[in-house]
Engineer: 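The structure under discussion is supplied below as structure tokens; questions concerning it will follow.
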Amino acid sequence: MKSDELFALLRRRGVLWPTAEIYGGAQGLYDYGPLGAALKRQIEEAWTAWFVGLSHDYYRLDPAEILPEAVVRASGHLENFTDPEVSCENCHTAFRAETVLEKVRPEGVDGLSPAQIAEVVHANHLRCPSCGSTALSVPRPFNLMFGLDFGVTGKERAYLRPETAQSSYLAFPRMWDVGRHALPLGIAVIGKAYRNEIAPRQVLFRMRSFTQAELQIFFDPDHFVVPFDRVAAEALPVLRVPRREKGEETPEWVRAGDLVATGNLPEFYVYHLVHTYRFYREVLGYPADRIRLFEKSDQERAFYNRIQFDFEVRLDSLGGYKELGAVHYRGDYDLSRHGEGSGKDLSVTLTDGRSVRPHVLELTFGIDRNLWALADTHLGTEGERTVWRLPACLAPVPVGIFPLIPKAHSAYALRLADELAATGLAVRYDDAGTIGKRYARMDEAGTPFCVTVDAETLADGPSRDTVTLRERDTKAQTRVAVRDLPARLADALRLPRPPRA
RNA sequence: GCGGGCAUAGUGUAGUCUGGUUAUCACAUAGGCUUGCCAAGCCUAUAACCCGGGUUCAAAUCCCGGUGCCCGCACCA
């Protein structure tokens with residue numbers, strides 16, 4: 001489905017819509033409706049079950065979304081994003097003012113107002129580094145962070161966090177004490193991050209307010225042992241830099257063991273690639289032939305990332321592979337920077353007496369992007385039918401309950417709906433229209449199971465208190481005893497967990 | 001940010017060029033009939049010209065501005 005078409009369907013069904021729609025919307029902001037909010041929660045729960053489930057020493061936190069200026073100064077976000085931007089009127093290329101001025105002002109542009117920068121550009125007859133034109137624009141401030149007036153005086157500066165990761169790095173010293181004084185230590189955060197994107201586009205793929213799920217694993221760089229044997233035989237669809245340089249777009253299947261033995265990647269890194277891949281396949285259910293692990297080159301990576309593979313899924317709605325998450329080996333960059341910034345020593349002493357500054361392996365996951373991708377890859381039309389083949393454990397509404405004949409079977413069906421709801425299931429009762437329409441509605445909402453109460457349910461005899469259980473994917477119906485329903489549904493809806501390390 | 005295109009019920013659309021009765025049609029939604037297990041049928045109802053200004057006797061239609069969306073470029077620490 002094309003992006004417009006898919007978005008229209010999601011709007012119609014109450015999955016998501018533009019924020020402040022009655023005012024014409026706001027670029028890069030979207031609200032989740034009932035179905036979307038529930039699906040988002042399910043994705044978050046699935047992510048948590050899987051990744052926090054990787055170890056007994058991984059914890060989920062919920063930190064503040066506002067960061068004091070000192071934090072973003074230390075992390076580098078302030079420095080890298082307060083630079084004014086100059087663009088070329090001729091070739092429309094945008095540059096940091098610093099880049100344009102570097103010949104005449106090697107000390108940088110800190111402290112210069114946009115007007116002063118424009119003066120320097122003019123006085124020195126500076127040219128566009130790309131095309132040589134002198135038609136350079138007046139500098140504009142360029143900062144992807146939302147700044148806030150913080151406190152009563154409004155003089156203190158603070159920022160909406162541009163990524164959740166910083167919150168986890170700040171929490172590390174406290175978590176070291178809360179935890180068992182042992183590495184690896186994992187800090188997981190699911191929460192909002194905010195970026196004032198220049199050009200938000202493609203609905204959920206470039207938003208100004210979005211939800212990230214990130215697991216930061218702090219580990220001893222000399223000693224991060226993983227049960228690699230268990231995953232060595234797993235093959236991954238990787239697209240590595242040398243193959244990319246030959247113009248290849250498609251991944252090749254390489255065994256995890258070979259990525260380590262001949263691929264020059266550390267075991268701990270590949271081990272986490274495998275488990276992340278398994279999450280995309282086994283929990284989210286993306287087709288194997290749509291996933292690729294896209295290695296970023298030296299030039300493409302942020303300088304502090306030593307290894308980076310993006311998890312990409314090919315989406316018809318957006319016309320190509322899109323990044324849904326990544327695995328970054330960040331070295332000790334983050335704890336070093338925050339150590340310097342705060343003046344606190346963020347190294348820890350291990351039980352063997354060694355003092356180490358932990359390295360970080362960062363597993364990032366875009367909740368919104370994956371929600372869209374789950375619609376793109378699992379929602380489609382099959383003739384007259386529109387079916388959202390979501391994995392059952394992710395379904396926003398896992399069960400629909402209908403009376404076959406409204407007047408005759410409503411009371412029983414309503415009671416059954418209440419009973420199942422009491423077990424914690426999100427159920428939807430529907431008696432409108434024909435039975436076929438109700439099934440169709442639930443198919444579109446991604447509901448994997450529908451329960452129908454009919455005459456047999458009420459009649460005396462061997463079928464008393466049995467209902468039909470209809471499966472979305474096969475349309476198959478089986479007769480099930482009502483008393484077996486809760487266990488049967490719970491089984492089918494359980495969230496997968498990885499084997500613990 | 002730049003260039004181009006687009007904007008009519010919940011969704012998809014006709015009408016716009018060439019201004020002129022009550023804005024077309026389908027689907028969806030709600031109610032009714034239908035003893036019916038996969039979007040059947042019939043009846044009824046709800047529901048739209050993106051926002052602001054201008055031209056005109058008269059604007060969905062022409063002009064200007066804004067907003068949003070799409071495509072390409074740039075950007076994405």
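Chain naming here is simple, since letters A, B, ... match the order of the sequence lines and numbering starts at 1 in each.
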Engineer: So which of A/H272, A/R301, A/H359 actually passes side chain to side chain contact (heavy atoms under 4.5 Å, CB included) with A/Y329?
Structural biologist: A/H359

Engineer: With nearest nucleotide decided by heavy atoms, which residue, A/A8 or A/E163, maps closer to the 5′ end of RNA chain B?
Structural biologist: A/A8

Engineer: Over how many whole Å does the gap from A/R12 atom CZ to B/A26 atom C1' extend?
Structural biologist: 14 Å

Engineer: Could you check whether A/P162 gets within reach of a base, just the sugar-phosphate, or nothing at all, counting any heavy atom under 4.0 Å?
Structural biologist: base

Engineer: Does the plane of the ring in A/Y333 sit parallel, tilted or perpendicular to the ring in A/Y304? Use 30° and 60° as the thresholds.
Structural biologist: parallel

Engineer: What does the list of N/O pairs under 3.5 Å between the protein and nucleotides 40-46 of chain B look like, with a distance for each?
Structural biologist:
from  : atom 1 : to     : atom 2 : distance (Å)
B/A40 : OP2    : A/T434 : OG1    : 3.3

Engineer: Checking all strands, does A/E444 fall into the base, sugar-phosphate, or nothing category for heavy-atom contacts under 4.0 angstrom?
Structural biologist: base

Engineer: In whole Å, I'd like the distance from the CG atom of A/D431 to the P atom of B/C37.
Structural biologist: 17 Å

Engineer: On a whole-Å scale, what distance lies between the P atoms belonging to B/C50 and B/G32?
Structural biologist: 35 Å

Engineer: Looking at A/Y439 versus A/F402, is the centre-to-centre ring distance below 6.0 Å?
Structural biologist: yes

Engineer: Roughly how many Å apart are B/C43 and B/G5, using the C1' atom of each and rounding to a whole number?
Structural biologist: 44 Å

Engineer: Roughly how far apart, to the nearest Å, are B/U34 and B/C71 at atom P?
Structural biologist: 50 Å

Engineer: Say we look at B/C62 and B/A7: how far apart would their P atoms be, to the nearest angstrom?
Structural biologist: 10 Å

Engineer: Touch check for A/S3, heavy atoms < 4.0 angstrom, all strands: base, sugar-phosphate only, or nothing?
Structural biologist: nothing

Engineer: Say we look at B/U67 and B/C51: how far apart would their P atoms be, to the nearest angstrom?
Structural biologist: 16 Å

Engineer: Between A/F7 and A/Y30 (judged by ring centroids, cut-off 6.0 Å), do the two rings come close enough to count as a pair?
Structural biologist: yes

Engineer: Within the pair A/Q477 and B/C37, is there a side-chain N or O less than 4.0 Å away from OP1 or OP2?
Structural biologist: no

Engineer: Can you tell me the distance, in whole Å, between the CG atom of A/D430 and the P atom of B/A39?
Structural biologist: 14 Å

Engineer: What's the gap between B/U46 and B/A59 when it is taken at their C1' atoms, as a whole Å value?
Structural biologist: 27 Å

Engineer: Scan side-chain atoms only and decide if A/D310 and A/Y321 contain a donor-acceptor pair under the 3.5 Å cut-off.
Structural biologist: no

Engineer: Between the side chains of A/D376 and A/Y286, is a donor N or O closer than 3.5 angstrom to an acceptor N or O?
Structural biologist: no

Engineer: When rounded to the nearest Å, what value does the distance between P atoms of B/G15 and B/U8 take?
Structural biologist: 14 Å

Engineer: If we call it a pair only when both distances are under 3.5 Å in a Watson-Crick or G-U wobble match, what pairs with B/A47?
Structural biologist: none

Engineer: Once you apply the 3.5 Å cut-off to both distances, tell me the Watson-Crick or G-U wobble partner of B/G41, or none.
Structural biologist: B/C33

Engineer: Compare side-chain N and O positions of A/R441 against OP1 and OP2 of B/A39 and report whether any pair is under 4.0 Å apart.
Structural biologist: no

Engineer: Compute the ring centroids of A/F51 and A/F365, then answer whether they are less than 6.0 Å apart.
Structural biologist: no

Engineer: Answer yes or no: side-chain N or O of A/D4 and base N or O of B/C70 forming a donor-acceptor pair under 3.5 Å.
Structural biologist: no

Engineer: Which residue, A/I435 or A/R206, contacts RNA chain B at a nucleotide closer to its 5' end, judged by nearest heavy atom?
Structural biologist: A/I435

Engineer: Distance only, no hydrogens: is a donor on one side chain within 3.5 Å (strictly under) of an acceptor on the other, for A/S168 and A/Q216?
Structural biologist: no

Engineer: What integer distance in Å separates A/R201:CZ from B/G3:C1'?
Structural biologist: 11 Å

